[in-house]
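Hydrogens, waters and symmetry mates play no part in the numbers below; they use all other heavy atoms, side chains included.
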Amino acid sequence: MTDATAASQNDASGTASNGDGSGLYLVDGSGFIFRAFHALPMLTRPDGTPVNAVLGFSNMLLKLLADARAEAVAVVFDSKRLNFRNEFYPDYKAHRPEPPEELKPQFALIREATEAFCLPCLELEGYEADDLIATYARLAQEAGRQVTIVSSDKDLMQLVRPGVGMFDPMKNKTIGPDEVFEKFGVAPDKVVDVQALAGDSVDNVPGVPGIGVKTAAQLITEYGDLEALLANADKIKQPARRQKLIEFAEQARISRRLVLLDENVPPPKPLDELRVREPDHQRLIDFLRAQGFRSIVSRVEMEMLKDGRIADGAGSSAAPTSAAPAAKDPAAAPSGEAGERPARKTVLNVPEVRYELVQDADTLRRWVERARETGVLAVDTETDSLTPATATLVGVSLSTEPGIACYIPLAHGSSTAAAGQLDFDAPPPPVQIPTTEAMAILKDVLEDPSVLKIGHNFKFDHQLFARNGIAVSPVDDSMLISYVLDGGAHGHGMDELAELHLAYTPIPFKEVCGTGKSQITFDRVPLDKALAYAAEDADITLRLWTLLKPRLVDDRMVTVYETLDRPLVPVVADMERAGVRIDKKALSDLSQSLSIRLAEIEKDVHALAGQSFNIGSPKQLGEILFDTLKLGTGKKGKTGAYSTDSSVLEELAEQGHTIAQRVLDWRQLAKLKSTYTDALQEKISPVTGRVHTAFALAATNTGRLSSTDPNLQNIPVRTEEGKKIRRAFVASPGHKLLSVDYSQIELRLVAEMANIQALQDAFRDGLDIHAATAAQVFGIPLEQMTPDIRRKAKAINFGIIYGISGFGLGRQLGIAPGEANAFIKTYLERFHELKVWMESIKSFARQHGYVVTLFGRRCYMPGIQDKNAARRAFAERQAINAPIQGTAADIMKRAMNRMPGALAAAGSNARMLLQVHDELLFEVPEAEAEDAARIVRGVMEGAAHLGVPLVAEAGIGDNWEEAH
DNA sequence: GAGATCACG
DNA sequence: GACGTACGTGATCTCA
C-alpha cells in the first residue's frame, strides 16, 4: 500500500484527526489485555512467563503508531482498588472471577510495554479506565482535538459523538454512530438509558428483569429517555412489562448510574502533556527482546536501519531524519504549536512501498533481471477461480525485495462490461502483455535453479505455471514454513500471518472483488486496485519469508520442512491437477432414486408423528419426539435443545419406536444425497470432465492433509448405500483404479514409539493384531478367541490411539465406565511400557507446550496448561494422539514424495490421484496395474525403517469401491 | 455465523 | 474431588 493510500484509508475510516498533530488516541489498556489474552494462543518467554497478551498489546501499539501518524497516544488502565460505583452498589462487577493465572504477571509487563513505547500511562485510584477515558475525551474535545477511543467495549459507546470516535483494534474496525445504533438500537447519547433497562450480567448491572436490548431500545425510542419512560410506565400496554417497569424503577435508575461514565474525574496528567512523542527505540527494542518477541524486534530494527539509526549505535539520540523533524522532540518544541507540525512519519511506519504496473515486455524483462541479481523472487498469481486446475490466469505479481513489487495483468477485461457480454460502449480492455509472451519471459527465471521462488501456498501457483509449460523450481513456501514452525499455535493464511508478524492488515479480497451475489472475478477488477492488492500479496509473502525462514535453523526444523512438507508442493499440485473421474450418470440416477425414497420416508414419519414437520430440523424433531409423542424424557444439550443425534435415535429405535428408525433412515439418505450425489455432480469440471479437490497442506494440528471443495477424504464406504457412491469414482477407459493403504499404521506406531515389546512381536509375527491383544489382555488363547472379545480388544486399541478414557471406551462398547476402566488397567499392565510412554508425552507437552512426532514435527498444544481440568484433560488426550497421528502423516508424506520418482524410474504411467490419510489412490493403464501395485507397496512399506514392519495392501478395480 | 449432525481416517 | 470426555478433519442444514 502506498502512503497516499494509507492516509486516505485513515481519513475514510474517520479515525484520523485534522492531520495537524492535535488528535488524541486513548487506548483502553485494561480492556485490551483481557481480549488479547483470550484471543491469542498462549506464548511464554524462555523463563516461562506467559506473554501472549503482552505480544498482542505490543503489536497493537506498533500498528497504532504506524497508522496514527501525527497523533498522540495515551494508554488508560483501571485502578486495582474498588471504584466509586461500589459505594452505592456493592455488587457491581461482583461476579468477576479472578483473572487467569497466566494473565496476572502480564498486567505489570503491559505497563512496562507502555513505558517502553514512551507512551503515557493514565490511571486513577477509585475510577475505572472508562471514566478516565470519558474525562479526557471531554477535555480534548473542548480543546478542539479529535479523539479516537481504542477499544471495543460497549460501555464506552456512550461517548461516541462528533469529534469522538472509537476503533476496535482486534477487528480493525471503526465504531461510529452507525455501529453504536446497530448494537443498541439508539443513538450514542441514549445508550446509557438502554443499558439501564437491559442491564449487563457480566458487570452485574441488574437492569429491569425481562427487558433486553431490543425492548429497551424500542421503549427509549418511544419515550425519549429513562426518566420519561419511568414517569409514563403506567401507560405501557403489555401488563407484564408495565408491572416490571414500575416495580424495578429504582433498580433501573441505579443501573443507569452504574453504566454512566464520569466525565469529571480529576485528570492525573494535564491534557497538554498528551502530545506526540518520539519513541526511545533502544529502550523499546531492549524491552521487546527481553520478552523474546523476535519478529517484532527485527521489524523495528529494520525500520531503524532504513533511517540510519542503528549504524551509529544511537537510539533516540540519533539525528532526526527529514521524515521526523526536530519539532517532534517535546523538549525542543513548545506545546501549542501543533498546528504547524507536519504529519509524523515514525520509524515504526510500514516502509515506503513502490508498486509498479507492468504492461510491456521490456519492463517485465527488467523485473526478471532484478530477480537474477537478488536471487529471490516472490511470486503470486491471480485467477478467476479457486480451482487452479481449471482457472484462467488473470495476472502475476512479483516482488524482489520488501516494498518493491509489481503486477503484470494478463487477462483483464473491461471492468464495466459483464464477462462474455458484448457491449460496444464499454471501454476497451487495458494494454497487456500477451499471456504466452509473458510466460516465455518468466519461464527462464521461474525455472532458473539459482533464483529461489517464494510463494504463499505455492501449490496453487505451481499448477497454473505447470499448465503453461513452466516447472517452477526451486520453491520456498512461506505458508509451509509457518506450518512447520508453529503448527497448532495458529493458522497460516497470509492475512493472519501478516497481522501476527507484521502488524499489518492486507487489503481484504472482498474489498477488491466484493462479496456474495455482486462478487466479481479478478479479471474485472480495475488495474489500479488490482495492482494495490496483488503486488501487496507478493510483497507480504517476501516479508514473511524473510522473517520465518531463519527460524527454521534456529528452531531446528529444517529437516522437517526440507524432507516432508517442501517437496510435497509439486507432488500434491500434480494430484489436484490430475483430478478424478466421476460417473455423472450413476450419481444422477442415485440422486433420483434417493429423492423418491426420501419422499416416501418423509410421508411415513409425518404419519407416525401425526403431523407434518421438517425432519431436517433437529429442533422440530426433538419437540415432536419428546414433547408431542413423549418417547422418553430426552436429554438436552448446552443450548437447551433436545439432542436427536444417531445415538439417541438408535436407543429409541431399539425400544421399538418405528419413527426413530425411519428418521435414522431419512437422515442417512438425506446426507448422502445433499453432500455427495447432488454436490459432487456440480463439482465436475466442464474443462477436464473430472473432479479436482484441493488438499490443504497447512490446515491440521497433526501434520495430516485435509481435502476441500469437495472433500474427497470422506466419501462413504461403511454402509451399502454409501458404497454405491464410491462406485461412481471410476477409472478412465483403458485404465484401472489402484488403491493401496497402510495396515494398522497407527497401532504399529504406538508399538514402535512406546517400545512395547509384546505388541512389536505380534506385528513382527504378522498376527491378527486385535485378536493377539485380546489374547494378551484377557488371557485367552488365540484358538479360543471369540468375535466379541476381539471386538473389545479392537476398541481398546483404538482407544489408546485417541488418548484413552474409561468413559469414552465404555460408551464405545456400551459398558459401564468402571468396567471399561478395568479393561484399560489390565491392558496397561500387560503393555506396561505404554503407561510410561503416555506419562512422558504428557510431561513433555506440559514442559514445552508441544509434542513431537518420530520425524521431528512439532504439534503445539495450547490447552495443556489450562487451569480448567476438563480442557487440560482434553489437551492431554490430544498430546497422546498427535505424535501417533502425526507420525503416520509424516510417513505417508515420505511415501508420496518418493512416489513420482519411483514410478518414473520403473517406467510406470500410474498417476497418483488422492490421499486419504492412510490410503493412496492411483489411476493406471490396465496392463500396468499389477506392476504399479508392487511399486507403490514397496515405496509405502519402505517409507520408514522401524522396529515394526510397515505393511501396505493393494486393491485393483474399475471403480474405487472395487479397488478399496 | 453458530450449532448440530454425520461422512471419512 | 472436580472437571466432562474418546483423536483428527469438512460439508450441509437450520435458525437466530
### Between A/Q668 and A/T719, a side-chain donor and acceptor under 3.5 Å
yes

### Query
Looking at A/V580, A/V730, A/L913, A/L914, which one forms a side chain to side chain contact (heavy atoms under 4.5 Å, CB included) with A/L737?
A/L913

### Query
Of the nucleotides C/dC7, C/dT14, C/dA6, which one has an atom closest to the side chain of A/N614?
C/dT14

### Query
With sugar-phosphate meaning primed atoms plus P, OP1 and OP2, does A/R811 contact a base, only sugar-phosphate, or nothing at under 4.0 Å between heavy atoms?
sugar-phosphate

### Task
Answer with yes or no whether the side chains of A/S706 and A/T700 bring together a donor and an acceptor at under 3.5 Å.
no

### Task
Kindly assign one of parallel, tilted or perpendicular to the pair A/F613 and A/H606, based on the angle between their ring planes and the thresholds 30° and 60°.
tilted

### Message
Base, sugar-phosphate or nothing for A/N714? Non-hydrogen atoms, less than 4.0 Å.
### Response
base

### Task
Tell me what A/A820 touches on the nucleic acid: a base, only sugar-phosphate, or nothing, going by heavy atoms under 4.0 Å.
nothing

### Task
Mind checking A/Q620 for me? I need base, sugar-phosphate or nothing, with any heavy atom below 4.0 Å counting as a touch.
sugar-phosphate

### Query
When we call it a touch if two heavy atoms are under 4.0 Å apart, what does A/G803 touch: a base, just sugar-phosphate, or nothing?
nothing

### Task
Report the nucleotide, chosen from B/dC6, C/dT5, C/dA6, that has the shortest atom-to-atom distance to any side-chain atom of A/R667.
B/dC6

### Task
Check whether any side-chain N or O of A/Q878 sits under 4.0 Å from OP1 or OP2 of C/dG8, and answer yes or no.
yes

### Task
Mind checking A/Q668 for me? I need base, sugar-phosphate or nothing, with any heavy atom below 4.0 Å counting as a touch.
sugar-phosphate

### Selection from B/dC6, C/dA6, B/dC8 that lies nearest to any side-chain heavy atom of A/S646
B/dC6

### Task
Taking only the side-chain heavy atoms of A/A679 (C-beta and beyond), determine which of C/dT12, B/dG9, C/dG10 contains the nearest atom.
C/dT12

#### Entry: C/dG4 and B/dC6, which share atom name P, separated by this distance in whole Å
24 Å

### Task
Tell me what A/D918 touches on the nucleic acid: a base, only sugar-phosphate, or nothing, going by heavy atoms under 4.0 Å.
sugar-phosphate

### Query
A/T675 side chain: which of C/dT12, C/dA6, C/dG8 is closest?
C/dT12

### Message
Between A/S617 and A/Y676, which residue's closest nucleotide on DNA chain C lies nearer the 5′ terminus?
### Response
A/Y676

### Query
Among A/I615, A/N614, A/T644, which one satisfies side chain to side chain contact (heavy atoms under 4.5 Å, CB included) with A/Q620?
A/N614

### Message
Need one value for A/L809: base, sugar-phosphate or nothing, where a base atom within 4.0 Å counts as base even if backbone is also close, heavy atoms only.
### Response
base

### Query
From the list B/dT5, C/dA6, B/dC8, which nucleotide is the closest neighbour of the side chain of A/V717?
B/dC8

### Task
Could you tell me whether the side chains of A/E919 and A/S739 share a donor-acceptor contact shorter than 3.5 Å?
yes

#### Entry: Any strand: nucleotide that pairs with C/dT9 via Watson-Crick or wobble, under 3.5 Å
B/dA7

### Query
Considering only side-chain heavy atoms of A/F807, which listed nucleotide, C/dT5, C/dC13, C/dA2, is closest?
C/dT5

### Message
Below the 4.0 Å mark, does C/dG10 have OP1 or OP2 next to a side-chain nitrogen or oxygen of A/S706?
### Response
yes

### Query
Nearest to the side chain of A/Y802 - C/dC15, B/dT5, B/dG9?
B/dG9

### Task
Among B/dA7, C/dT12, C/dC3, find the nucleotide with the atom closest to the side chain of A/A869.
C/dC3

### Message
Using a heavy-atom cut-off of 4.0 Å across all strands, would you classify A/D741 as base, sugar-phosphate, or nothing?
### Response
nothing

### Query
If you measure from the C1' atom in B/dA7 to the same atom in C/dC3, how many Å do you get, rounded?
31 Å

### Query
From C/dC15, C/dC7, B/dC6, pick the nucleotide closest to the side chain of A/N881?
C/dC7

### Message
Whether A/R704 contacts C/dG8 is assessed here as follows: a side-chain N or O lying under 4.0 Å from the phosphate OP1 or OP2. Is that the case?
### Response
no

